[in-house]
Amino acid sequence: MEKIKMKTPIVEMDGDEMTRILWKIIKDELICPYIDLKSEYYDLGLANRNATNDQVTIDSANANKKYGVAVKCATITPNAVRMTEYDLKEMWKSPNGTIRAILDGTVFRAPITVKGIEPYVRTWKKPITIARHAYGDVYKNVEIDVPGPGKAELVFTGEKGEELRETVFDFKGPGVLQGMHNIDKSIASFARSCFNYALDTKQDLWFATKDTISKKYDHTFKDIFQEIYDAEYKERFEKAGIVYFYTLIDDAVARVMKSEGGFIWACKNYDGDVMSDMISSAFGSLAMMTSVLVSPDGKYEYEAAHGTVQRHYYKYLKGEETSTNSVATIFAWTGALRKRGELDDIPELMQFSDRLEKAVIATIESGKMTKDLALITSLPDVTVLNSEDFIKAVRATYEAM
C-alpha cells in the first residue's frame with residue numbers, strides 16, 4: 001500500500017521515560033508503515049534539555065509557531081530528586097509551561113470514551129472538555145518564607161514613578177507569602193481561543209472564577225471574557241445555536257456533577273490543572289484523555305494529558321513486563337496528523353487519523369486492553385496486554401478495518 005504523502009512537516013517533540021519508549025513503538029507500528037512522515041524532530045528528554053540549557057524547548061516552541069502543528073511526548077518537570085538523578089545544572093522549568101507561554105495558548109482536554117468504561121458520575125453521557133488558561137497565576141508566582149514579624153506589602157511602581165501600594169498582612173511571627181500576576185493580553189487570548197474552539201466543536205462554553213472574593217484579579221477575567229463575547233462572538237454563538245455563560249467556580253462544580261456533559265468548561269490556570277484530572281479520573285483514566293494547546297492565531301500542539309509513567313519505566317529498565325496505556329499518546333499523533341491534513345488539504349491524512357482512532361476504540365471494546373482499563377471495565381472476559389502487544393493489537397485491528 002502506498003504511503004500517505006505530507007506537504008508540511010509537523011513538529012515532533014520527544015520526551016521522557018516510559019512514554020518515550022511508547023513513542024517509538026507507536027511510530028514504528030502505527031504511523032510510519034502508513035505515512036511518509038515529515039517531521040522536524042526535537043528531543044525534549046530531560047538529559048537533552050539539560051545539555052542545551054533548555055534551549056531545545058524554546059526552539060521546539062518557535063518551530064511550532066512556524067509550522068503550525070506539533071505533537072509532544074510527555075516530559076519530566078524536575079524536582080529536587082530529579083536534580084540528583086539526572087545530574088542537572090539547574091531545576092529546569094516545565095516544558096509545557098515554556099511552550100504555552102511562547103504560544104500564548106489555551107489547553108483543551110477531553111476524555112476518550114469507550115463502551116465498557118463507564119463514568120463514575122452516572123449522569124455524564126457525553127465528554128466534558130476542560131479549557132485551561134496556560135499563563136500566569138500560581139505557575140509564575142513569587143514566594144517568600146517570612147522569617148518573623150513584619151509588614152508584607154504589594155507594591156506596583158509605574159514607568160513614570162507612580163506607585164500603588166497595599167498592605168497584604170502584618171505578620172506577628174513566621175509565615176509564608178505569595179505574589180501572582182496575569183496580563184490582559186493573555187486573558188484576552190484565552191477568551192478568544194475558548195470562543196473559537198466552542199464554535200469549531202459546536203459546544204456550549206462555561207467560564208468560572210471566584211470574582212465575588214477576588215474582586216479585581218478574578219473579576220478582570222470575567223470582564224474581559226464578557227467584553228470580547230459581546231463585541232465579537234455573541235451573534236456567531238446565537239447563529240450556531242450554542243451558549244456562553246459565566247458562573248462562580250463553586251457553582252460550576254455543582255452544575256458539572258449534575259450535568260450530562262457535552263460542553264467546554266473554561267478555567268483559570270490552577271483550576272484547569274485540578275479539574276482536568278478530576279474529569280479524566282471520573283471518566284475512567286488519565287491515560288484516556290486528549291490534550292491540545294491552541295493559540296489564538298491558530299497554532300496547535302497535541303500531547304497526552306498524563307505524565308511520563310515513571311514507575312513503569314523503572315520496571316522496563318529492569319527487564320520486567322509493563323502494561324502501560326498508550327491511548328492518549330496515540331490520540332496525540334492522530335490529532336496532530338488530522339490537523340496537518342486539514343490545514344494542508346490532505347483528506348487521506350484526516351481519514352487515516354479517524355480510522356486509527358476507531359481502531360483503538362474497537363480494540364478496547366473487543367476486550368483487548370492494558371491493565372489499568374481491565375481493572376475498571378464492565379466488559380467480561382477481557383485480555384490484558386502488555387505495552388507493546390496492545391499497540392500491535394491496534395495495528396491488527398486497523399489493518400482488518
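Model, not experiment: these values are computed from the prediction.
- Salt-bridge annotation for K7 and D345: absent, with no side-chain N of the basic residue lying under 4.0 Å from a carboxylate O of the acidic one.
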Legend entry - CA sep, side-chain torsions, deciding dist, call: D251, R255, salt bridge (charged side-chain N to carboxylate O under 4.0 Å, His left out): CA-CA 6 Å; D251 178 55; R255 288 180 183 233; 2.8 Å; yes
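- Evaluation of the salt bridge (charged side-chain N to carboxylate O under 4.0 Å, His left out) rule for K222 yields D211 as partners, not counting sequence neighbours.
- A salt bridge is absent between R82 and D16; no separation between the charged side-chain nitrogens and carboxylate oxygens falls under 4.0 Å.
- One finds the CG atom of L385 at 11.0 Å from the CG atom of N325 (value rounded to the nearest 0.5 Å).
- Taking the six-membered ring wherever Trp is involved, the centroid distance between the rings of F237 and F195 falls below 6.0 Å.
- Between K24 and D28 there is a salt bridge, since at least one side-chain N of the basic residue sits less than 4.0 Å from a carboxylate O of the acidic one.
- One finds a salt bridge joining K5 and D36 here, because a Lys/Arg side-chain nitrogen approaches an Asp/Glu carboxylate oxygen to under 4.0 Å.
- In plain terms, the two heavy atoms of M289 and A328 that are nearest each other are O-CB, 3.4 Å.
- Remark: the N386 side chain and the S323 side chain contain no N/O donor-acceptor pair separated by less than 3.5 Å.
- With values rounded to the nearest 0.5 angstrom, I130 atom CD1 is found 13.0 Å from T106 atom OG1.
- You'll find the side chain of Y135 stays beyond 4.5 Å of the side chain of F190, heavy atoms only.
- With rounding to the nearest 0.5 angstrom, the OG atom of S280 is 12.0 Å from the CE atom of M275.
- When side chains are defined from C-beta on, T209 does not count as touching I249, because their heavy atoms never get closer than 4.5 Å.
- Shown here for A208 and W265, the closest heavy-atom pair between the two residues is CB-NE1, 3.9 Å.
- Pairs engaging residues 81-112 under the ring-ring contact (aromatic ring centres under 6.0 Å, His included) rule: F108-Y197 [sequence neighbours left out].
- Using a 4.0 Å cut-off between charged nitrogen and carboxylate oxygen, K72 and E301 do not count as a salt-bridge pair.
- Using cut-offs of 30° and 60° on the angle between ring planes, the pair F283 and W124 is parallel.
- For the pair C73 and T329, the minimum side-chain heavy-atom distance is 4.5 Å or more.
- Ion pairing between R165 and E163 holds under the 4.0 Å rule for side-chain N and carboxylate O.
- There is a side-chain donor-acceptor pair under 3.5 Å between S387 and T324.
- Between the side chains of D372 and T370, at least one donor N or O sits under 3.5 Å from an acceptor N or O.
- Summarising the geometry of E85 relative to Y314, their closest heavy-atom pair is OE2-OH, 2.9 Å, with the distance given to 0.1 Å.
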Inset, instruction - Dump the intermediate steps for ring-ring contact (aromatic ring centres under 6.0 Å, His included) on F225 and Y246, then the final yes or no. - result: CA-CA 9 Å; F225 260 75; Y246 171 85; 8.6 Å; no
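- Contact check for T308 versus M18: no side-chain heavy atoms found under the 4.5 Å cut-off.
- Between the side chain of R132 and the backbone N or O of N269 there is at least one donor-acceptor pair closer than 3.5 Å.
- Interatomic distance, L373 CG to L379 CG, rounded to the nearest 0.5 Å: 10.0 Å.
- Inspection of the Y233 and N196 side chains reveals an N or O donor paired with an N or O acceptor under 3.5 Å.
- In summary, the side chains of D204 and Y244 do not present any donor paired with an acceptor at a separation below 3.5 Å, with no hydrogens or angles considered.
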Inset, instruction - Decide yes or no on salt bridge (charged side-chain N to carboxylate O under 4.0 Å, His left out) for D43 and R20, but give the supporting numbers first. - result: CA-CA 10 Å; D43 183 1; R20 187 184 182 95; 2.8 Å; yes
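- For D54 and K93, the salt-bridge test fails: no basic side-chain N is under 4.0 Å from an acidic carboxylate O.
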Legend entry - K65/D297 under salt bridge (charged side-chain N to carboxylate O under 4.0 Å, His left out): CA gap, chis, key distance, verdict: CA-CA 9 Å; K65 292 177 75 173; D297 60 345; over 6 Å; no
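- Looking only at side-chain heavy atoms (C-beta outward), L293 and E303 stay at 4.5 Å or farther from each other.
- A 6.0 Å sphere centred on NZ of K210 holds more than 12 heavy atoms belonging to other residues, nucleotides or ligands.
- In this structure, CG in L46 is found 5.0 Å from CD1 in I76, a value given to the nearest 0.5 Å.
- What you find for A266 and C194 is that their closest heavy atoms are CB-SG, 3.9 Å.
- Between the side chains of E118 and S378, at least one donor N or O sits under 3.5 Å from an acceptor N or O.
- With rounding to the nearest 0.5 angstrom, the CD1 atom of I26 is 11.5 Å from the CD1 atom of I21.
- Taking 4.5 Å as the limit, some side-chain heavy atom of T8 sits within range of a side-chain heavy atom of Y67.
- Ion pairing between E238 and K234 holds under the 4.0 Å rule for side-chain N and carboxylate O.
- In summary, the side chains of T334 and E357 do present a donor paired with an acceptor at a separation below 3.5 Å, with no hydrogens or angles considered.
- The residues K239 and E235 are annotated as not salt-bridged, no charged nitrogen and carboxylate oxygen being separated by less than 4.0 angstrom.
- For the pair I31 and L337, the minimum side-chain heavy-atom distance is below 4.5 Å.
- Between Y302 and Y300, the angle of the ring planes stays under 30°, which puts this pair in the parallel group of the 30/60° scheme.
- For the pair K339/V292, no side-chain contact is recorded, criterion being any heavy-atom separation below 4.5 Å from C-beta on.
- Of all the heavy atoms in Q203 and F263, the pair that sits closest is OE1-N, 3.6 Å.
- Residues satisfying the salt bridge (charged side-chain N to carboxylate O under 4.0 Å, His left out) criterion with R236, sequence neighbours excluded, are absent altogether.
- Between E40 and K66, none of the side-chain N atoms (NZ, or NE/NH1/NH2) sits under 4.0 Å from a carboxylate O, so this pair counts as no salt bridge.
- Using the six-membered ring where Trp is involved, F221 and H133 have ring planes that are perpendicular, over 60° apart on the 30 and 60° scheme.
- Of all heavy-atom pairs spanning L103 and S295, the tightest one is O-CB, 3.2 Å.
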